[in-house]
Structures are given as structure tokens and as C-alpha cells.
Amino acid sequence: MTLPFRFAVNMLRPGTGEEWRERCRRAEELGYDVILVPDHLGMPAPFPALVAAAEATTRPRVGTFVLNAGFWNPTLLGREVTTTDALTGGRLELGLGTGYVREEHERAGIEFLPPGARVDHLRRTVEELDRVLAAGGSPRPPLLIGGNGDRVLRLAARHADVMAFAGGRTEGGRVTVLAPKEMDERVAAYRRFEKEAGRAAPAELNLLLQRVVVTDDRAAATADFRPYVPHLSEEEVRELPLLAVGGVREIADRLRERRERYGFSYLTVLDDAMEAFGPVIEELRGN
């Protein structure tokens, strides 16, 4: 089943109240469906930033992309979610992940658990959050879970409304970019887990586009990216799912192709690409 496109911008840069509201209003003007906030030290605090975003706009939903479950006590998180959902008029979408930045945990004085233990904590957070919200009579907002590993994919297949794929994986503190065939395998694995979970309807699939460049010279636009993927040819680099490089119509066509190939209908860009991606949204709107 082909889902219609949705578009989100992940707001990384803090600012004054008026600067924040103006950027959120601009995102709405450009056609973004969701305004997102990450959960990293040095970036905006998620929940107050989302309340301000909702107050400054009328149409977009707001969400976390994604909360680091290791930072949060599930009971206290339930309070944040309930209050934020109420203050935003039910526009909240909740994104959760395991967390992956050791240095942030160390700065916060929070133990950085091994990968398996971080997934276990994410699972407990999802289950406890459901219990806390149900006990308080509050419906859980739509849930997005982000990651690539099998255990996270299985968890998302059971619980999430949206599965968010990263374009790379972290191994030994180093990020490895996923080539198209590797992304094929990850999406296929998720679909198997979804089938095993007996879902009534498939989840929406999200992809973060790490780079958006509208240009006639695709080779030049990806030249500085090639050292990260020395094993790939120039054409393979341009085909990487996390890149959106080319003319507006060319990017739109490639995103349609990726929706057909992988199922990615919900696309997120970083805030420094917000303006550049606006014409692509216009090209794809209604598809």
C-alpha cells in the first residue's frame, strides 16, 4: 500500500522566542506537515520548544525526533507527554530511540549502557509509558521509533505507528552509511517483523534526509561526502537513500522512486535544508 507523502523539519538550532516562532511559521508556509525537535544537549529542550511551535502555527503537528530513552524516567515522561499533548491541542507525535552519544550521557551523569541494554530500556520505556498514560486516562499520541537494528525493528513492529530508519549505523563509535542494498535488507527485515507481529495495518516509514542540495551539478554537491563512503562509486553515492541532490523535479522523482522501492513516505530534513526542500514539497504535494 502506497501512503501519501508527509514532510517534516527537525529543528536543531536554538534561538530567542521570536526567532523560534518565526522559523516555525516559515516551516508552515513552506508546507511542512510536522515540526520536530531532537533530544541532544546543546539543542532546544524538546517539550517547551514543541509547545511554542504549536502556539506559533495552526496546521503542522509537532513531535520529538527522537527522545533519548536513556535520559527519561517513564513516569515523568508520561507527565511531559500528557501535558504537551494537551497544550498543543492533540498535535503531538512522540518519537523515541535508544540514544547513541556516549559523551552526552557522560556530561549528564547518566550511565551509557551497552547496545542491548539500551534497547531493553527503550522497550521498558514504551511499555511503562503505555501503562502510565492508560492509568491516567490519556490516549498515547502516535508513536515513532527510530533505529536500524533487529531488536529495535521488532519493537517498532509491535508498538509504533511510524518506523524511522536512519541512513547509517553506529559501530564502535563510528557511523557507517547504509548503501541502497543494505537499506533494502533493513526494510525487508522490518516488514518480516511486522508480519510476525500480526499488525492490522502497516506502519508509516520515515527516512531522515541528511543532505538536501538543489543543484545542476550533482557530482560537485556530493564530492565532500565521498570520503565517508570510499567503497562506493560516484553513481552509488548519488543513489544513497539519505541524500537528496539534483534539480527540484529530479529530487522529487527520486523520492517517488524510493517510496516505491522502500516505502518511505514520511520524509524529514534538517533545519538548514528547510528552505531548499520547500520547492520539492510543492512538487510532491498531493502525491
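As the structure is a computational prediction, the values presented were derived from the model and not from experiment.
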Novice: Is Arg26 paired with Asp271 through a side-chain N to carboxylate O contact shorter than 4.0 Å?
Specialist: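 Not counted as a salt bridge, because no side-chain N and carboxylate O are separated by less than 4.0 Å.
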
Novice: Heavy-atom distance under 4.5 Å between the side chains of Tyr32 and Val269, does that happen here?
Specialist: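 Tyr32 reaches Val269 side chain to side chain.
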
Novice: Ignoring hydrogens, what is the shortest heavy-atom contact between Tyr266 and Ala8? Give both atom names and the distance.
Specialist: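 Closest approach of Tyr266 to Ala8, heavy atoms only: CE1-CB, 3.6 Å.
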
Novice: Hey, quick one: are Phe7 and Met11 part of the same hydrophobic cluster, counting side-chain heavy atoms closer than 4.5 Å, chains of contacts allowed?
Specialist: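 Linked within one cluster.
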
Novice: What I want to find out is whether Glu103 reaches Arg107 closely enough, with some N-O distance under 4.0 Å, to be called a salt bridge.
Specialist: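 Counted as a salt bridge, because a side-chain N and a carboxylate O are separated by less than 4.0 Å.
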
Novice: For Arg140, is there an ion pair with Asp85 - N to carboxylate O distance below 4.0 angstrom?
Specialist: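 Looking at Asp85 and Arg140, the cut-off is not met.
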
Novice: Arg211 pairs by side chain to side chain donor-acceptor pair (under 3.5 Å) with which of Thr222, Asp224, Asp272?
Specialist: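 Filter result, single survivor: Asp224.
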
Novice: Given the rule that I, L, V, M, F, W and Y join up when any side-chain heavy atoms are under 4.5 Å apart, are Val152 and Phe165 in one cluster?
Specialist: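 Both belong to a single hydrophobic cluster.
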
Novice: Check Glu239 with Arg258, please: is the shortest side-chain N to carboxylate O separation under 4.0 Å?
Specialist: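 Salt bridge between Arg258 and Glu239, a charged N being under 4.0 Å from a carboxylate O: no.
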
Novice: Is the closest basic N to carboxylate O distance between Asp253 and Arg256 below 4.0 Å?
Specialist: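 Yes, this pair counts.
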
Novice: Answer yes when Arg25 and Glu22 have at least one side-chain N-carboxylate O distance shorter than 4.0 Å, and no when they do not.
Specialist: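 Yes.
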
Novice: Kindly state each residue pair satisfying ring pair (Phe, Tyr, Trp, His ring centres under 6.0 Å) with at least one member in residues 109-131, sequence neighbours excluded.
Specialist: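 Pairs touching residues 109-131 that pass the test: His105-Phe112.
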
Novice: Quick check: does any side chain N or O of Arg259 sit under 3.5 Å from a backbone N or O of Ser265, one acting as donor and the other as acceptor?
Specialist: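 Not a single qualifying donor-acceptor pair exists.
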
Novice: Just verifying a value: how many Å separate Thr88 OG1 and Glu55 CD, rounded to the nearest 0.5 Å?
Specialist: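 Rounded to the nearest 0.5 Å, the OG1-CD separation comes out at 9.5 Å.
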
Novice: Can you check side chain to side chain contact (heavy atoms under 4.5 Å, CB included) on Leu30 and Phe277, steps first, answer last?
Specialist: CA-CA 9 Å; Leu30 289 168; Phe277 197 66; over 6 Å; no

Novice: Only one of Leu92, Leu87, Val62, Thr83 passes side-chain contact (heavy atoms from CB on, under 4.5 Å) with Val51; say which it is.
Specialist: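 Of all the options given, the one that passes is Leu87.
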
Novice: Return the minimal non-hydrogen interatomic distance between Glu283 and Ala252, and the atom names on each side.
Specialist: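 Answer, listing the atom of Glu283 first, then Ala252: CG-CB, 3.5 Å.
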
Novice: May I ask you to test the Glu204-Pro142 pair for a side-chain heavy-atom distance under 4.5 Å?
Specialist: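 No - every pair of side-chain heavy atoms lies 4.5 Å or more apart.
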
Novice: I'd like to know if Arg261 and Glu257 make a salt bridge, using a cut-off of under 4.0 Å between side-chain N and carboxylate O.
Specialist: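 Result for this pair is no, no salt bridge flagged.
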
Novice: Pick out which of Leu143, Val162, Ile145, Val126 makes a side-chain contact (heavy atoms from CB on, under 4.5 Å) with Leu94.
Specialist: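 Running side-chain contact (heavy atoms from CB on, under 4.5 Å) over Leu143, Val162, Ile145, Val126 with Leu94 returns exactly one hit, Leu143.
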
Novice: Do you know the tightest heavy-atom contact between Pro60 and Glu28?
Specialist: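 Smallest interatomic distance, heavy atoms only, reads CD-OE2, 3.3 Å.
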
Novice: Does the side chain of Trp72 reach to within under 4.5 Å of the side chain of Leu96, using non-hydrogen atoms?
Specialist: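 They are not in side-chain contact.
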
Novice: Taking everything shown except Glu282 itself, do over 12 heavy atoms lie less than 6.0 Å from its CD?
Specialist: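 Result for CD/Glu282: open.
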
Novice: Rounded to the nearest 0.5 Å, how far does CG of Asp130 lie from OG of Ser138?
Specialist: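 Result: 12.0 Å between the selected atoms.
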
Novice: Side-chain contact test, heavy atoms from C-beta onward, threshold under 4.5 Å: evaluate it for Leu240 versus Pro180 and give yes or no.
Specialist: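 Heavy-atom side-chain distance check passes, below 4.5 Å.
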
Novice: Is a salt bridge present between Arg238 and Glu250, judged by a nitrogen-to-oxygen distance below 4.0 Å?
Specialist: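 Salt bridge absent between Arg238 and Glu250.
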
Novice: Check whether Gln210 reaches the backbone of Leu242 with its side chain - one donor and one acceptor, N or O, closer than 3.5 Å.
Specialist: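 Pair absent, no side-chain N/O of Gln210 close to backbone of Leu242.
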
Novice: Are there more than 12 heavy atoms of other residues, nucleotides or ligands under 6.0 Å from atom CG of Asn73?
Specialist: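 Yes, enclosed.
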
Novice: Decide whether Met163 and Leu255 are clustered together by the hydrophobic rule: side chain heavy atoms of Ile, Leu, Val, Met, Phe, Trp, Tyr closer than 4.5 Å, transitively.
Specialist: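 Same cluster: Met163 reaches Leu255 through Ile, Leu, Val, Met, Phe, Trp or Tyr contacts under 4.5 Å.
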
Novice: Show the numbers, then the answer: is there a side chain to side chain donor-acceptor pair (under 3.5 Å) between Asn206 and Thr268?
Specialist: CA-CA 7 Å; Asn206 171 278; Thr268 301; 3.0 Å; yes

Novice: What is the distance from atom CD1 of Ile35 to atom CZ of Arg59, rounded to the nearest 0.5 Å?
Specialist: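 Ile35 atom CD1 to Arg59 atom CZ measures 8.5 Å (nearest 0.5 Å).
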
Novice: Could you tell me the separation between the CG atom of Asn287 and the CG atom of Leu3, rounded to the nearest 0.5 Å?
Specialist: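 Answer for the CG-CG pair, Asn287 versus Leu3, is 13.0 Å.
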
Novice: Check this for me: does any side-chain nitrogen of one of Glu18 and Arg21 sit under 4.0 Å from a carboxylate oxygen of the other?
Specialist: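 Salt bridge flag = yes for Arg21 with Glu18.
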
Novice: Rounded to the nearest 0.5 Å, what separates atom CG in Leu77 from atom OG1 in Thr82?
Specialist: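 So the CG of Leu77 and the OG1 of Thr82 are separated by 9.0 Å.
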
Novice: Grouping I, L, V, M, F, W and Y whenever their side-chain heavy atoms are under 4.5 Å apart, do Leu270 and Val245 come out in a common cluster?
Specialist: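 No, Leu270 does not connect to Val245 through the hydrophobic network.
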
Novice: Could you give the distance from CG (Leu12) to CE (Met43), rounded to the nearest 0.5 Å?
Specialist: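 That separation rounds to 5.0 Å.
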
Novice: Any side-chain heavy-atom pair from Val34 and Phe65 closer than 4.5 angstrom?
Specialist: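 Heavy-atom side-chain distance check fails, nothing below 4.5 Å.
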
Novice: Nearest heavy-atom pair of Pro74 and Glu128: which atoms, and what distance?
Specialist: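 Minimum heavy-atom separation between Pro74 and Glu128: CB-CG, 3.4 Å.
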
Novice: Over all heavy atoms of both residues, which pair between Pro44 and Trp20 is shortest? Give the atoms and the distance, please.
Specialist: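 Answer, listing the atom of Pro44 first, then Trp20: CG-CZ3, 3.9 Å.
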
Novice: For the pair Glu19 and Arg13, find out whether any cationic side-chain nitrogen is under 4.0 Å from an anionic carboxylate oxygen.
Specialist: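 No, this pair does not count.
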
Novice: Report the C-alpha separation of Leu153 and Arg186 in whole Å, then their side-chain angles, then the decisive distance to 0.1 Å, and conclude whether the side chain to side chain contact (heavy atoms under 4.5 Å, CB included) test is met.
Specialist: CA-CA 9 Å; Leu153 297 182; Arg186 288 292 78 202; 3.4 Å; yes

Novice: Would you check if Phe47 and Leu67 make a side-chain contact, meaning some heavy-atom pair closer than 4.5 Å?
Specialist: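 A side-chain contact under 4.5 Å exists here.
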
Novice: Is Val248 linked to Leu267 within one hydrophobic cluster, defined over Ile, Leu, Val, Met, Phe, Trp and Tyr using a side-chain heavy-atom separation of less than 4.5 Å?
Specialist: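 Linked, Val248 and Leu267 end up in one cluster.
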
Novice: Using side-chain contact (heavy atoms from CB on, under 4.5 Å) as the criterion, list what pairs up with Glu106, not counting sequence neighbours.
Specialist: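 Residues passing side-chain contact (heavy atoms from CB on, under 4.5 Å) with Glu106: Arg102.
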
Novice: Could you tell me if the side chain of Asp120 sits less than 4.5 Å from the side chain of Arg151, heavy atoms only?
Specialist: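 Yes, their side chains come closer than 4.5 Å.
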
Novice: Less than 4.5 Å apart, side chain to side chain, heavy atoms only: is that true for Leu243 and Phe225?
Specialist: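 Yes, their side chains come closer than 4.5 Å.
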
Novice: Okay, side chain of Asn68, backbone of Asp39: is any donor-acceptor separation there less than 3.5 Å?
Specialist: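 Checked: no pair found.
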
Novice: Any sub-3.5 Å donor-acceptor pair from Glu234's side-chain atoms to Ala219's backbone N or O?
Specialist: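 Not at all, since once roles are kept as given, no pair shorter than 3.5 Å links the two residues.
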
Novice: Looking at Gly78 and Leu129, what are the two nearest heavy atoms and their distance?
Specialist: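 For Gly78 versus Leu129, the nearest heavy atoms are CA-CD1, 3.5 Å.
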
Novice: Do the charged groups of Asp161 and Arg199 touch, with an N to O distance under 4.0 Å?
Specialist: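 No, this pair does not count.
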
